[in-house]
Amino acid sequence: MGRAYNSLIKNSSAGARHARRRICSEPNMTILQLISQRASAALDAVGAAGAPAHVQPASKPEFGDYQINGVMAAAKQLRCNPRELATKVLAVLDLAGIAEKLEIAGPGFINIHLDRQFLADKCQLALTDAHLGVELPTRRRVMVEYSSPNLAKEMHVGHLRSTIIGDALARVMSFLGHEVVRANHVGDWGTQFGMLTAFLVENHQDDAGLALNDLEDFYRKAKIRFDESPEFADRARDYVVRLQGGDEQVLQLWRRFVEVSLAHCQAVYTTLGVGLGREHVHGESAYNDDLPVVVEELTRAGLLTENDGAKVVVLEEFRTQDDKAMGVIVQKKDGGYLYTTTDISAIRYRHATLGLDRVLYVVDARQSQHFQQLFTICRKAGFAGDMQLQHIPFGTMMGDDGKPFKTRSGGTVKLIELLHEAEERAFALVSAKNPDLEEGERRHIAHAVGIGAVKYADLSKSRVSDYIFNWETMLSFEGNTAPYLQYAFTRVQSVFRKAGDYDAAAPIVLEEAAEKQLAVALAQFDDVVLAIESDCYLHGLCQYLYQIATLFSRFYEACPILKSEGALRASRLQLAALTARTLRTGLDLLGIEVLDTM
RNA sequence: GCACCCGUAGCUCAGUUGGAUAGAGUGUCAGUUUCCGAAGCUGAAGGUCACAGGUUCGAUCCCUGUCGGGUGCACCA
C-alpha cells in the first residue's frame, strides 16, 4: 500500500593531458586519496604500518589547506613522543609537486599547504573534462526506490522528501557512471482498492475521470460510505476478493482508478522536475502472483513457523515486549499477505531477474525496523545474494510549530498545491525585484526558483533529522538557499556576457589568496561527490556549493577580472568558468535548475 | 517495558572512523556602491555542545547513568 502511512485508515499522523601527467602516476585521484596514500606510506616508513593517516581539509585557514591527524594516535601506539614522530614522518613524507609547504603544529598535527601549480593543474583538468575531473568508480547496477506513494489518495507533503532525496541520489549515482534503475514502488493493491472500486461503481461509473478529479475527496466519501453502510462494506470486501482472484470486471475498474491516480502523480513529478515516469512504476500489485511462492520458499528454507494460524518468520535478532524472539508475519490466518511479503518478493525479483548490485530504499525513518527485519529475512533465506540492501532513512517534515506539517485546519497538504504555492511565492518575489521582465520570463524564473527553493531546503539539511519547513527562509535570496546559489550562477554568467572572446585553454595562475582559496575548493568537487556514493548524504554537496558561491564572491571582490589584462585576465576567467560549471553541475545533481538571468 | 533517532548561538542548521581557540546562515549592530547584477562584500557581538560521571595526551563525538523530545514494536502499509 505504498510507503507512506495512510492516516485515514490508521488514526495516527502520519587539461589537459600534460596536466594529468604532471600530477601523479595515478590520474584523477582526489586530493584526499592522494594525500592519504602518501601519508600512509610515510607512516609505514617510520614503523607505524597500518596506522590510519586521518587526512582532512584544514579546520582553519591558518592551518593550511589539509591536515594529517593520524600521527598522534600512531605515537600513542608506538609509545613515543608525537612531535618527534611527526618530525620523522615529515622527513619521509613525499608530497613533491603536491604541497608547497609542510609544518608540524600543536601536539603533532602536520599541516599541508597545497602547491599552487598542482591546484592550477587539477582545475585545468576539470575544465576540460566532461565529468569535471571526477574519476568514475567501478560501474554497478544501482536501484533507487523512491517516492512510492499510495495510489488510493493524492500525493501529500509526506511524499516530498523521498521524492526529492531519491531523485538527487539517482542523479548522483548516474553521474558517477552507475547504471541506475529508478523504482516507484507504488501502493496499488490491498483492501482499500476493494472499497474504492466498489464506490466507483456506485457513483460515476461512466465518467471515472471526473469522479476522481479530486482523489482526496473521493477517498473520504468512500470511507464514510464504508463506515456507515454494512451492506457497502460487504460489497467492498467482496470486491477485494474478486480483485485478488483476477475478476476481469473489477480489475478493469481497478486499472481505471490506478491510471487516474498515476496521472495525478505524474503532474507532481513533472512540476518537480523529477525523473520518474510510467516506466518506473512497479507497484505492489506486480508481485501478487509471487507471494505464495515466497511463502513456499521460506518454508523450504526452514524459516517459517505457524502461530495461531498465521505464517511467521521468527527472528532471534528482534525482541518483543516480553523479550521473546519477534515474529514477522508473512501470511495472515485468513490467507492474506502483508507488505513484508511483497517486499521480500521484490527483493527476489531485483536480485534474480534484474541482477542489481545495490538497492537503496529512500523511505521514512519510521520504517527502519521493517527494513532491518526484511533484510535479515532475505539474507537468511538467501534471496539477495551479494546484492547490497540499504535503507536510506529520512526524518519528518515539520511546520513552523515543530509539529508535522499540516494545513491551518490540521488537514494534510496536497503536494501539488504546495508546489504551486512555491511557484506563486517565487513569482511575487521575482516580480518585485525585477518588474521590467516580461511575465512569461518571470513565470519561468519563478518556477526554477520556487521548486529549487523547496528542494534545496530539504536537501541542505541532514536527511536523518526532522526539518522545519519555512517559506521565508527557503525563498530568501540571502544565505544558504537555492535562490542565492541560482543568483550566484547568473552573476558569473553575467561576467562572461561582458567578457567577450577569451582563451578557453588559457593556463590558470594562482597568485592572490582569494584565487587560491577558490581553487582549493573547486579542486575538492570529486571528493564531495564521491562521499555521497557511499553515505548517501546530500547536504554535504549543498554546503560545498554554498562555499563555492561565497568564495567566488570574495574572489570577485578581491581580484578584478574584466579590468585585468592578458594572461591574468584569461586565468581569472578560467576560474570563473570552472566556478560556473561546478555550480551548474552540482545544482543539476540536486535536481535544481540554473538560470542565465533572474 | 524493549528498540532506534534526537538535544550544539535568540532562530534554522553543520561539525568526517575522537583533534588545535566548537563553525555557517539568519537576526542584531557597524562599515562598504572604481570589473558582473548591493539579491553583494567586510567586521563585531552572540556558547555550561541537555545534565552528571567514566575512558585518555586530547571528548560535541566513545561508554554508563539521569532528564527532556520524537518514532517504532504480530495478522495496516
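By convention in this document, chain letters (A, B, ...) are assigned in the order of the sequence lines, proteins followed by strands, and residues within each chain are numbered from 1. All values reported here derive from a predicted model rather than from experimental measurement.
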Undergrad: Using only atom types and a distance under 3.5 Å, with no angle test, would you say the side chain of A/Gln77 pairs donor to acceptor with the backbone of A/Ala48?
TA: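 It does not hold such a pair.
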Undergrad: If we take the C1' atom in both B/U17 and B/G46, what is their distance in whole Å?
TA: 33 Å
Undergrad: In whole angstroms, how far is the P atom of B/G69 from the CZ atom of A/Arg366?
TA: 19 Å
Undergrad: For A/Asp334, which contact category applies under a 4.0 Å heavy-atom criterion: base, sugar-phosphate, or nothing?
TA: nothing
Undergrad: Nearest of B/C36, B/A74, B/A39 to any side-chain atom of A/Phe477?
TA: B/A39
Undergrad: Listed by chain and number, what are the side-chain contact (heavy atoms from CB on, under 4.5 Å) partners of A/Ala523, not counting sequence neighbours?
TA: A/Ile31, A/Leu119, A/Lys122
Undergrad: Write down the distance between CD (A/Glu316) and C1' (B/A3), rounded to a whole number of angstrom.
TA: 16 Å
Undergrad: Starting at CD of A/Glu317 and ending at P of B/G72, how long is that distance when rounded to a whole Å?
TA: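 Computing the A/Glu317:CD to B/G72:P distance gives 23 Å.
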Undergrad: Under 4.0 Å, counting only non-hydrogen atoms across every strand here, what does A/Lys76 touch: a base, just sugar-phosphate, or nothing?
TA: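 Base, at least one base atom sits under 4.0 Å.
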Undergrad: Kindly state each residue pair satisfying side chain to side chain donor-acceptor pair (under 3.5 Å) with at least one member in residues 532-546 of chain A, sequence neighbours excluded.
TA: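 Residue pairs passing side chain to side chain donor-acceptor pair (under 3.5 Å), neighbours aside: A/His178-A/Glu533.
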Undergrad: Does A/Lys433 reach a base, just sugar-phosphate, or nothing at all? Heavy atoms under 4.0 Å.
TA: base
Undergrad: Should A/Lys332 be listed as having a side-chain N or O under 4.0 Å from OP1 or OP2 of B/C76?
TA: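 Checking B/C76 against A/Lys332, a side-chain N or O does come within under 4.0 Å of OP1 or OP2.
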Undergrad: May I have all residue pairs that pass ring pair (Phe, Tyr, Trp, His ring centres under 6.0 Å) and include part of residues 52-88 of chain A, sequence neighbours excluded?
TA: none
Undergrad: Pick base, sugar-phosphate or nothing for A/Thr342, based on heavy-atom distances below 4.0 Å to the nucleic acid.
TA: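 Nothing, no heavy atom under 4.0 Å.
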Undergrad: For the backbone of A/Val363 and the side chain of A/Ser162, can you confirm whether one donor and one acceptor N or O come within less than 3.5 Å of each other?
TA: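 Side chain of A/Ser162 to backbone of A/Val363: no pair is present.
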Undergrad: Which whole number of Å gives the distance between the P atom of B/A59 and that of B/A22?
TA: 13 Å
Undergrad: Can you check the distance between B/G47 and B/C11, where both ends of the measurement are the C1' atom (answer in whole Å)?
TA: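 To the nearest whole Å, 15 Å.
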Undergrad: Considering just the side-chain nitrogens and oxygens of A/His539, establish if one lies under 4.0 Å of OP1 or OP2 belonging to B/G15.
TA: yes
Undergrad: Go through the structure and list residues passing side-chain contact (heavy atoms from CB on, under 4.5 Å) with A/Met72, not counting sequence neighbours.
TA: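 side-chain contact (heavy atoms from CB on, under 4.5 Å) check on A/Met72 returns A/Pro82, A/Pro107, A/Phe109.
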Undergrad: Grab the CZ-C1' distance between A/Arg491 and B/C36 for me, whole Å please.
TA: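 Between C1' of B/C36 and CZ of A/Arg491: 7 Å.
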Undergrad: So if I take every side-chain heavy atom of A/Met598 and compare against B/C75, B/C36, B/A39, which nucleotide ends up nearest?
TA: B/A39
Undergrad: Quick one: the side chain of A/His54 and the base of B/U16, do they pair up donor-acceptor inside 3.5 Å?
TA: no
Undergrad: Rounded to the nearest angstrom, tell me the gap between atom CG in A/Leu304 and atom C1' in B/A74.
TA: 14 Å
Undergrad: NA contact type, A/Ala576, heavy-atom cut-off 4.0 Å: base, sugar-phosphate, or nothing?
TA: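 Since no nucleic acid heavy atom lies under 4.0 Å of A/Ala576, the category is nothing.
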Undergrad: Can you establish whether the number of heavy atoms outside A/Glu62 located under 6.0 Å from its atom CD is more than 12?
TA: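 For A/Glu62, atom CD is crowded (more than 12 foreign heavy atoms under 6.0 Å).
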Undergrad: Using the P atom in both, what is the distance from B/C75 to B/U56, to the nearest Å?
TA: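 These two P atoms come out 48 Å apart once rounded.
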Undergrad: Quick one: list whatever passes salt bridge (Lys or Arg N to Asp or Glu O under 4.0 Å) with A/Asp436, sequence neighbours left out.
TA: none
Undergrad: Taking the P atom of each, how far is B/U12 from B/G7, in whole Å?
TA: 13 Å
Undergrad: Assign A/Asn307 to base, sugar-phosphate, or nothing according to its heavy-atom contacts below 4.0 angstrom with the strands shown.
TA: base
Undergrad: Measure from the side-chain N and O atoms of A/Tyr219 to the backbone N and O of A/Ala152, and report whether any donor-acceptor pair falls under 3.5 Å.
TA: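 No, A/Tyr219 side chain to A/Ala152 backbone: no donor-acceptor pair under 3.5 Å.
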Undergrad: So that I can compare with my own list, what are the stems of RNA chain B, taken as at least three consecutive Watson-Crick or G-U pairs with distances under 3.5 Å?
TA: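 Counting only runs of 3 or more consecutive pairs, the stems involving RNA chain B are B:1-5 with B:69-73, B:10-13 with B:23-26, B:28-32 with B:40-44, B:50-54 with B:62-66.
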Undergrad: Could you list the residues that satisfy side-chain contact (heavy atoms from CB on, under 4.5 Å) with A/Ala506, not counting sequence neighbours?
TA: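 By the side-chain contact (heavy atoms from CB on, under 4.5 Å) rule, A/Ala506 matches A/Asp503, A/Ala570, A/Gln574.
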Undergrad: Do we see a donor-acceptor contact under 3.5 Å between the side chains of A/Asn480 and A/Tyr456?
TA: yes
Undergrad: Pairs under 3.5 angstrom, nitrogen or oxygen only, protein versus nucleotides 20-26 of chain B, please.
TA:
from: B/A20; atom 1: N6; to: A/Asn111; atom 2: OD1; distance (Å): 2.5
from: B/A20; atom 1: N6; to: A/Asn111; atom 2: ND2; distance (Å): 3.4
from: B/A20; atom 1: N1; to: A/Asn111; atom 2: ND2; distance (Å): 3.3
from: B/U21; atom 1: O2'; to: A/Lys60; atom 2: NZ; distance (Å): 3.3

Undergrad: Nearest-nucleotide wise, let me know which of A/Arg463 and A/Pro52 is further upstream toward the 5' end of RNA chain B.
TA: A/Arg463
Undergrad: Kindly indicate whether the side chain of A/Met474, heavy atoms from C-beta on, has any atom under 4.5 Å from the side chain of A/Thr481.
TA: no
Undergrad: When you check every protein heavy atom under 4.0 Å of nucleotides 5-11 of chain B, what one-letter string (B, S, -) results, 5' to 3'?
TA: -------
Undergrad: If we take the C1' atom in both B/C49 and B/A24, what is their distance in whole Å?
TA: 16 Å
Undergrad: Could you check whether A/Asp596 gets within reach of a base, just the sugar-phosphate, or nothing at all, counting any heavy atom under 4.0 Å?
TA: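 If one applies the 4.0 Å heavy-atom cut-off, A/Asp596 turns out to touch a base.
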Undergrad: At 4.0 Å (heavy atoms only), tell me whether A/Leu338 reaches a base, stays on the sugar-phosphate, or touches nothing.
TA: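 It contacts sugar-phosphate atoms only.
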Undergrad: Rounded to the nearest Å, what distance is computed from the CG atom of residue A/Asp401 to the P atom of nucleotide B/U12?
TA: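 Answer to the nearest Å: 12 Å.
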Undergrad: CG of A/Leu573 versus P of B/C36: gap in Å, rounded?
TA: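 So the CG-P distance, A/Leu573 to B/C36, works out to 13 Å.
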Undergrad: Could you note down all residue pairs passing salt bridge (charged side-chain N to carboxylate O under 4.0 Å, His left out) where residues 470-489 of chain A supplies at least one of them, sequence neighbours left out?
TA: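 Listed by first then second residue: A/Arg425-A/Glu472.
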Undergrad: Can you list everything that forms a side-chain contact (heavy atoms from CB on, under 4.5 Å) with A/Asp596? Sequence neighbours excluded, please.
TA: A/Phe489, A/Gln493, A/Arg497
Undergrad: What contact category does A/Ala310 fall into here, base, sugar-phosphate, or nothing, at under 4.0 angstrom with non-hydrogen atoms?
TA: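 It contacts base atoms.
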Undergrad: Between B/G25 and B/A14, how many Å separate the two P atoms, rounded to a whole number?
TA: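 Taking atom P in both B/G25 and B/A14, they lie 16 Å apart.
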Undergrad: Tell me the interatomic distance from A/Gln56, atom CD, to B/G19, atom P, rounded to whole angstroms.
TA: 7 Å
Undergrad: A/Lys380: what forms a salt bridge (Lys or Arg N to Asp or Glu O under 4.0 Å) with it, not counting sequence neighbours?
TA: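 Partners of A/Lys380 by the salt bridge (Lys or Arg N to Asp or Glu O under 4.0 Å) criterion, ordered by chain and then number, come out as A/Glu317.
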Undergrad: RNA chain B: A/Val314 or A/Met398, which has the more 5' nearest nucleotide?
TA: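 Final value for this comparison: A/Met398.
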Undergrad: Donor-acceptor pair under 3.5 Å: do we get one between A/Ser553's side chain and the base of B/G40?
TA: no
Undergrad: On a whole-Å scale, what distance lies between the P atoms belonging to B/G54 and B/G69?
TA: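 Looking at atom P only, B/G54 and B/G69 are 28 Å apart.
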Undergrad: Which part of the nucleic acid, if any, lies within contact of A/Tyr484, taking any heavy atom under 4.0 Å across all strands shown: a base, the sugar-phosphate backbone alone, or nothing?
TA: sugar-phosphate
